Amino acid sequence: MLREVLQAVEEADGPITLNELSRRLQLDAGVIEAMLEHWARKGKVNVDRDSGAACARMPVTCSCGSNPGGADCPFVARLPRSIPVVRQADIRDNTQL
Amino acid sequence: MITTGFVSADSRVLSVALAGNPNAGKSTIFNALTGARQHVGNWPGKTVEKKTGELFLDGRRLNITDLPGTYSLSAYTLEEIVARDFLLEERPDVVVAVVDATNLERNLYLVVQLLELGLPTLLVLNMMDVAGEQGLDIDTVELSLSLGVPIVPTVASREQGIDDVIAGACRAATEPANPCLPEYLPQVEREIARLQNIINEHDAIRDVYSPRWLALRLLEGDSDVAERVGSLPGGSSLLAEAIERGAVLAAELEEDVDLTIADQRYRWIHALVGRVVRARPAHSLSRSDRIDRFVTDRRFGIPIFLLAMWIVFKFTTDLSAPWVDWLDAVLTGPVSRWAVAVLGAVGMGGTWVESLVVDGVIAGVGGVLAFIPVLAALYFALAILEDSGYMARGAFVMDRMMNRIGLHGRSFLPLMVGFGCSVPAIYATRTLTNNRDRILTGLLVPFMSCGARLPVYVLFAAIFLPRSSSLVILGLYLLGVIVAILVGLTLQRTILPATAAPGLVMELPPYRLPNWRGIRNNVWLRTRSFLQHAASLILVTSMAIWLLMAIPTGGQGSFADTPMADSAFGRLSTALTPVLRPLGFGSWQSGGALISGLVAKEVVISTMAQTYGTEATEDVGQPTTFFGDLLEIASSFIQAVIDTLKAIPGMIGINLGSAEESGEPELSAAIRSSFETTSGGHAAAAGLAFMVFVLLYTPCMATIAAERHEFGRRWAILSLVGQLIIAWVGAFIVFRLGVALGG
């Protein structure tokens, strides 16, 4: 089951929604999430926990032209949680650049 | 069979641990059990909240600990480590496993791990009411028999079943339990049995750990458990054996042992749920799913996204236009007159101070403040898209485009933030794990049109292409995206090569009606940020530009009384005109505005208001009364309301009469006249070229500083120089095309 989930994501032609994946595999979305968490532990996918608050990871204040970041950053874009598959070349790229 | 040999020495005191997935209702049950007898603190040395409480029943005291919500006991997150440490070290008399009945299959994974741990367990099936509403029919008797543990159904939010939880916990702590656990592949069971035999030979290990659980964890390669076991007598020989057997097993299975074990657990749970859930809703399409089939479709997704963006800009420009005119009239009229009157009253009339206040601060900062309605309208429209759930679909649709330039879908987040402000967007690239993706995304962010550039587009589109201003603005935003894609493709094929981005799962929220309070806060926070900017950076820059315009050069005039073209700012800006002449806007005013725009894009408008605006503020000395000014402000306000109401049906093509024409503002007329001159009669083409240049050249020095900070000097210089070249080439092409087409 675990391999089927990863395979379905890798073989999807472009991005796929969690609900669509749930329908394709006939599994609860919650179970698929759990399995993707498992793959995240194995370093095969990244579970983006903070996509809705990217600015929150940054320094103190956030305004265009001054200092960026801050949990109250007005430009935080609330985007969907995304779970991308990790490229095998990523580790190599990180050491080269 | 596992016996319950863990009851506290004092049988009147029972230690109870509440475990479960996040949001399973664990804390609600904890509150219902303990009431006011709670203690809240932190787990020793951890930032995770620890909640304990007491319950007295028939002379017994139940010490209840609410463990952090976790999905497993793998010691991967801080919460998992805290929960597992407590269960291993404190060995509670009973574990109450709280399960969300609506998400049974996922929740049972933790339950299975708890059972493997060998502690007496009571299963609480919570949210049974919601499960019923969803059409789920769970056979609790069959589930109890299959797991070999007692089960109590509850609706914790209504305190239903709480008494049964207390009674069940007391019983489970004292009665022998016989849990049914997953049976793994024969090869795995063989190794479990082998390790169990070794564990049973060492009392020091067997007394602390359930042999089966420990054998499983060691085979799964749990380093935390291995470290603990290694320090016990007989631990090192056990570890050596576990490592060897784990390697043998992995070779036999041709995959990691932990994967096989987890997979078997999932399969066992899936089969169990298939037996005990008698009726369940099919994986059918919800209303949001049905809409998504159309909205995120390969063919229709991008056209729908473009249509949504066009509506946003139509709304932004049409509805804010009357308010921009109103604010502009108030700032250049009554406010300027009041400033002159006050300065005159304190003996500063006609001095350089008056020039600084009127020509520097009011013309500069006021010129930018007039565009607040535009930004507020844009933020409002975007907040609606965000809150309704559509923006998430936009991200989904655009992800395909990101993939074409070898970027991961996650890169879309910084690029989206870039539409608000480039600086936090550069820092948002920290969410990307790959250096190459970070640098490429960071280089593309400046091409996303930040909010500060919008006033320039609104002003210039209104001057040169008034009939299609919303289309022009949408076109500029799209041009930024197209240029980013082209730059991305170029970099991908040259200095930043990448393999194709692999798959991506997105969790799209269901569509919903926007929450007006949230939208109001969102608009206010973003508009306030712009106002703070106006009160600081724009004010200082406006004053600096006024100072440079006040300094005479070439021996003509005196301080604050010199022709602007002969001022220090005029001379500096004139030096740039040869470079700008081929683009159709080779005036010193345009050059000056673009130079100051390097500080911040908002300053482009304020500089133009200052360099073109002297004549516009000459009427400030005209005598009027204070109440006359108030009346003028009120009447123009009412006119703005009427014009806005007229604009609403106009957006969908219903004309209820055009907004009252108040004549072209002086600044617009001055810009038009200047561009007519510098472009040889092709003012519209030059105006469009100017907008393209503003879109594509460096957003601000803070962006370059952020790029230098994040990616290093080399990439920051490449970004700065690259953007200037691209902006010049882009503006040149647009101007020449415009001239060729007769613009």
Side-chain angles (χ1 to χ4, degrees), chain A residues 1-3 9-12 14-23 26-28 30-38 41-42 45-46 48 50-51 54-55 57-59 62-69 72-87 89-90 93-94 97, chain B residues 71 74 76 103 105-106 109 256 259 262-263 266-267 270 283 289 292 386 391-392 395-396 399-400 403 408-410 412-414 416-417 420-424 427-428 430-431 433-436 439 450-452 499 501-509 525-526 529 532-533 537 600 700 702 706:
Chain A
M1 286 174 84
L2 273 167
R3 286 216 172 274
V9 179
E10 284 174 334
E11 288 175 0
I16 186 168
T17 67
L18 196 59
N19 286 351
E20 178 62 25
L21 199 57
S22 165
R23 275 192 300 278
Q26 290 292 300
L27 283 172
D28 289 345
V31 177
I32 293 176
E33 269 187 295
M35 291 182 176
L36 289 170
E37 289 272 359
H38 199 94
R41 290 169 198 201
K42 301 291 290 178
V45 302
N46 278 318
D48 182 5
D50 297 314
S51 67
C55 281
R57 297 180 180 192
M58 289 157 229
C62 181
S63 63
C64 191
S66 59
N67 292 319
D72 58 346
C73 171
F75 300 106
V76 166
R78 280 178 292 163
L79 289 177
R81 195 164 71 112
S82 61
I83 307 168
V85 174
V86 174
R87 263 191 299 240
D90 280 1
D93 288 351
N94 282 342
L97 288 168
Chain B
Y71 291 110
S74 307
Y76 180 67
N103 203 355
E105 194 167 336
R106 179 173 193 175
Y109 192 88
D256 294 348
L259 263 184
D263 189 69
Y266 280 120
R267 285 179 191 279
H270 190 63
H283 295 279
D289 291 336
D292 280 345
E386 241 176 81
M391 199 56 99
F396 184 85
D399 175 77
R400 293 197 185 109
N403 279 345
H408 233 308
R410 200 184 264 196
F412 190 71
L413 173 70
M416 275 294 293
V417 176
C421 175
S422 302
V423 182
Y427 284 92
R430 288 181 186 180
T431 55
T433 49
N434 175 273
N435 270 345
R436 178 254 172 208
I439 292 170
C450 70
T499 52
L504 171 87
V505 182
M506 273 196 187
E507 191 178 359
L508 297 183
L525 282 173
R526 290 177 180 183
S529 168
Q532 285 167 343
H533 210 198
L537 193 67
C700 56

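Note that this is a predicted model, so its numbers are computed, not measured. Numbers restart at 1 for each chain; the letters A, B, ... are given by sequence-line order, proteins then strands.
- From B/Tyr109, atom OH reaches atom NE2 of A/His38 across 5.5 Å, with rounding to the nearest 0.5 Å.
- To the nearest 0.5 angstrom, A/Leu21 atom CG is 4.0 Å from A/Ile32 atom CD1.
- Looking at B/Asn103, only its side chain comes within 4.5 Å of chain A, counting heavy atoms on both sides.
- Atom CG in B/Asp263 sits 11.5 Å away from atom NE2 in B/His270 (nearest 0.5 Å).
- Considering only heavy atoms from C-beta on, B/Asp292 stays 4.5 Å or farther from A/Glu20 through its side chain.
- Contact of A/Leu36 with chain B is made through the side chain alone, with heavy-atom distances under 4.5 Å.
- Heavy-atom pairs under 4.5 Å with chain B were tallied for A/Val31, A/Ile16, A/Thr17, A/Asn19; the largest tally goes to A/Ile16.
- Both the backbone and the side chain of A/Glu33 come within less than 4.5 Å of a heavy atom in chain B.
- Across B/Glu105 and A/Met1, no two heavy atoms sit closer than the pair OE2-CE, 4.3 Å.
- With a 4.5 Å cut-off on non-hydrogen atoms, B/Tyr71 does not touch chain A at all.
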